[in-house]
There are 2 protein chains.
Amino acid sequence: MAINERYLTKRERDCMVSIREKGTEDFPLRLNELAGILKISSPTTLNILRRLEVKGMITSSRGMIKLTETGRESADRILKIHRVYESLFCQSGVSEKMACNEASLVDYLTEEQTAEMVLHRIGDPKICPHGKPIRDDS
Amino acid sequence: MAINERYLTKRERDCMVSIREKGTEDFPLRLNELAGILKISSPTTLNILRRLEVKGMITSSRGMIKLTETGRESADRILKIHRVYESLFCQSGVSEKMACNEASLVDYLTEEQTAEMVLHRIGDPKICPHGKPIRDDS
DNA sequence: AAGAATGTTAGTATAATACTAATTTATGGC
DNA sequence: GCCATAAATTAGTATTATACTAACATTCTT
């Protein structure tokens, strides 16, 4: 098993997801922006980014934060698993907001293959409760 | 929201579950035994127990580890949520062993009401894949 | 009472998280 | 190009959780 999102901490997971969702090719997420989203100081944010850099997930220089190939794959995997849990929770009657919160706590800790199987079990929905595609969001 | 298992760390969760499952009224789990189960040293184990004591989950003196009322309730809640996830994963086709592993990583992070709803969604099984009752294991 | 088993202290280390204050490095307007 | 501002980075500090070994204390058993 190579580098896996399972070895990310919650904070690192949050960074990865924000970078993937809030940044674009042309406008990569900036350090201060990320700090604002996570509601932590810039130095703390930088510190987490440094760790993600060591783990080969991102490259960052002068506040330009970009996911590496590995990082993008990891972020997409986390987002996919996130949407599987969201779908499961919402199907079960949990509110959209709470489903998202709960999913965020566990998505990065679950194996992709487990999520895949759960996805099938709950009827293979193509989109999550927010309307985003569960597979292939690239 | 009072004291909640959500504020436990993974290690603390593992301690709680072991104490609940491996200990009995007459033979409460001993420190060294617990250290053996968790595969960590006795001092480290003691350290975690001290934190659980501060959190009001256990009482511990001379290696006699007992759950408080709150602690027992928390442990039971975690175990219930654990079994919901296990059931979900096994129903989805995940192996029993892997289902247990995956469930252990997320059970203590999920709200009871979310798990309750999922339980209903997956057909309200009365027992988990290991044959243990999902509700009221006391 | 001695020895073995068990628990506890003491001391140390590391990783992750987080902050403030100060400094450096762009960037943009003039 | 220069300066002011914005943005990023460094430096320094702190806390919590985890983990270890070695030494010491306590308890139990024979």
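Numbers restart at 1 for each chain; the letters A, B, ... are given by sequence-line order, proteins then strands.
Scanning residues 38-46 of chain A for heavy-atom distances under 4.0 Å to DNA chain C yields Ile40(A), Ser41(A), Pro43(A), Thr44(A).
Between the side chains of Thr9(B) and Tyr108(B), no donor-acceptor pair is found at a separation under 3.5 Å. Side-chain N/O atoms of Glu53(A) and Ser60(A) include no donor and acceptor closer than 3.5 Å. For the residue pair Thr45(B) / Ser42(B), no side-chain donor-acceptor distance below 3.5 Å is found, with atom types taken as modelled. Inspection of the Tyr85(B) and Ser104(B) side chains reveals no N or O donor paired with an N or O acceptor under 3.5 Å.
Whole-Å rounding puts the Ile48(B) CD1 to dT16(D) P distance at 16 Å. Rounded to a whole Å, the CE atom of Met64(B) is 12 Å from the P atom of dT27(D). If you take CG of Leu34(B) and P of dT8(C), they are 12 Å apart, rounded to a whole angstrom. dG7(C) atom C1' lies 14 Å from atom CD of Glu33(B), rounded to whole Å. Between the CD1 atom of Ile65(A) and the P atom of dA7(D) there is a distance of 13 Å, given to the nearest Å.
Note on Lys22(B) versus Glu33(B): no salt bridge recorded, every NZ/NE/NH1/NH2 to OD/OE distance being 4.0 Å or above. One finds a salt bridge joining Arg72(A) and Asp76(A) here, because a Lys/Arg side-chain nitrogen approaches an Asp/Glu carboxylate oxygen to under 4.0 Å. Checked for salt-bridge contact, Glu116(A) and Arg121(A) miss the test: no charged N lies under 4.0 Å from a carboxylate O.
Checking Arg77(A), Arg83(A), Arg13(A), Lys10(A) one by one against Asp107(A), the salt bridge (Lys or Arg N to Asp or Glu O under 4.0 Å) holds for a single residue, Arg13(A).
For the pair Ser61(B) and Arg30(A), nearest-nucleotide mapping onto DNA chain C gives the more 5' position to Ser61(B).
At the phosphate of dA8(D), neither OP1 nor OP2 sits under 4.0 Å from any side-chain N or O atom of Arg62(A). The phosphate of dG7(C) (OP1 or OP2) has a side-chain N or O of Asn32(B) nearer than 4.0 angstrom. In terms of phosphate contacts, Arg50(B) brings a side-chain nitrogen or oxygen within less than 4.0 Å of OP1 or OP2 of dT9(C).
Looking at heavy atoms from C-beta onward, Ile65(A) lies out of side-chain contact with Arg30(A) at the 4.5 angstrom threshold.
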Please list, pair by pair, any protein nitrogen or oxygen found under 3.5 Å from a nitrogen or oxygen in nucleotides 12-16 of chain C.
none

